[in-house]
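The sequence lines fix the lettering, A, B, ..., with proteins before strands; numbering per chain opens at 1.
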Number of protein chains: 2
Amino acid sequence: MAEPLTSRLGYLLKHAQLNFSQSGARALESLNITGRQLAVLVVLDVAEPLSQLDAAKELGVDRTTMVALIDELEDKGLVERRRSPDDRRKNIVELTAHGKQTLTEGERRHQETEKAFLAGAGLTPIEADLFVRILKRLATDAETPDDQPEDKT
Amino acid sequence: MAEPLTSRLGYLLKHAQLNFSQSGARALESLNITGRQLAVLVVLDVAEPLSQLDAAKELGVDRTTMVALIDELEDKGLVERRRSPDDRRKNIVELTAHGKQTLTEGERRHQETEKAFLAGAGLTPIEADLFVRILKRLATDAETPDDQPEDKT
DNA sequence: TATTGTTATACTCTATAACTATA
DNA sequence: TATAGTTATAGAGTATAACAATA
């Protein structure tokens, strides 16, 4: 009758994401960071150091969430907070030497994981490239027009 | 330096999924069910009615989670529990007439949402089809080989 | 008054442990 | 003893409200 669950787009996106994040977690395990933490390091690794709020906006999370994320990274010695001299309300967050090393190696593993993930599903490089380009459109075209069909039940 | 966040596969999968589930939620809003609840109805709509545990396995959730899901659906009058005569430990869960109507209309809207979502990103039907086939492989090829690279930091 | 970081709190989602009734 | 459903509880993950320091 109804299509099987495994052909539903929502299910597929969710489980593809789950599979990938598990692969990523495995790859980062011995580096002692999570994928989430690596993403924060990526955000923070810019020429002009960011405040916590800037980083939060960049990552698309709340500033209260960013407090906890920075806490974790600081506990591991990967970043350091310091008061901004320009505006003493702000914490400037910068990578430590250890943080930079971890970022470099984490990124290497991340790239490797992406390649392995796409190749592991038997995708040719051309297919993989097409897939990622399509995915990018679906991830960023935030607003599909609101059709809001009539209630016919 | 590092690739921008928006080209990371994990980020793209997560946000594509978020976008889609928001579209789905909007489409189902006036039907008064969530995407999750519709998925449960899909699972339950089979010739041989399922027990709660069977349905949980089918959906890939815990049996305690299924209790709450069935509670919600029963409160809305979409399903009914009855004790299995064969094994009185089991609850057989069946769609009510209202549940069947809701499922039919929900599925119609869901299909419409999928089409709109893929078309909305400017995908041709051929691209959309290819995308879904690739996604299916990525969602189901659960285990990528564990490379577990050396710690080079 | 508004903003940044922080804390306390709450809410969602989900799983584990323990209870009950059945087998 | 084991299984199905249930409840209580706890753990992520994240957000809202309130507070202190600063602007």
- Between C1' of dA4(D) and CD of Q52(B), the distance in whole Å: 8 Å

- Report the distance from atom NZ of K14(A) to atom P of dC13(C), rounded to the nearest whole Å. 10 Å

- Message: Any base atoms under 4.0 Å from D87(A), or only sugar-phosphate, or nothing? Heavy atoms, all strands.
- Response: sugar-phosphate

- Quick note, R63(B) side chain, CB onward, closest among dA18(C), dA18(D), dA15(D) is dA18(C)

- What is the distance from CG of L50(B) to P of dA4(D), rounded to the nearest Å? 13 Å

- With no hydrogens and no angle check, do the side chains of S51(A) and D54(A) hold a donor and an acceptor under 3.5 Å apart? yes

- Under 4.0 Å between a side-chain N or O of R36(A) and OP1 or OP2 of dT14(D)? yes

- Message: Side chain of T64(A), heavy atoms from C-beta onward: which of dT6(C), dA15(C), dT14(D) has the nearest atom to it?
- Response: dT6(C)

- Query: Reckon N91(B) touches a base, only the sugar-phosphate, or nothing at all at heavy-atom distances under 4.0 Å?
  - Reply: sugar-phosphate

- Message: So which atom in L138(A) and which in A121(B) form the shortest heavy-atom distance, rounded to 0.1 Å?
- Response: CD2-CB, 3.3 Å

- Member of N91(B), T65(B), L44(B), D75(B) meeting the side-chain contact (heavy atoms from CB on, under 4.5 Å) criterion with I70(B): L44(B)

- Could you give the CZ-to-C1' distance, from R83(B) to dA4(D), as a whole number of Å? 8 Å

- Measure the acute angle between the ring planes of F131(A) and F131(B), then classify it against the limits of 30° and 60° as parallel, tilted or perpendicular. parallel

- Item | Sugar-phosphate only, base, or nothing, as touched by R81(B) at under 4.0 Å among non-hydrogen atoms | sugar-phosphate

- Task: Round to the nearest Å and state the distance from L69(B) atom CG to dT7(D) atom C1'.
- Result: 16 Å

- Query: Can you check whether R88(A) has a side-chain N or O nearer than 4.0 Å to OP1 or OP2 of dA20(D)?
  - Reply: no

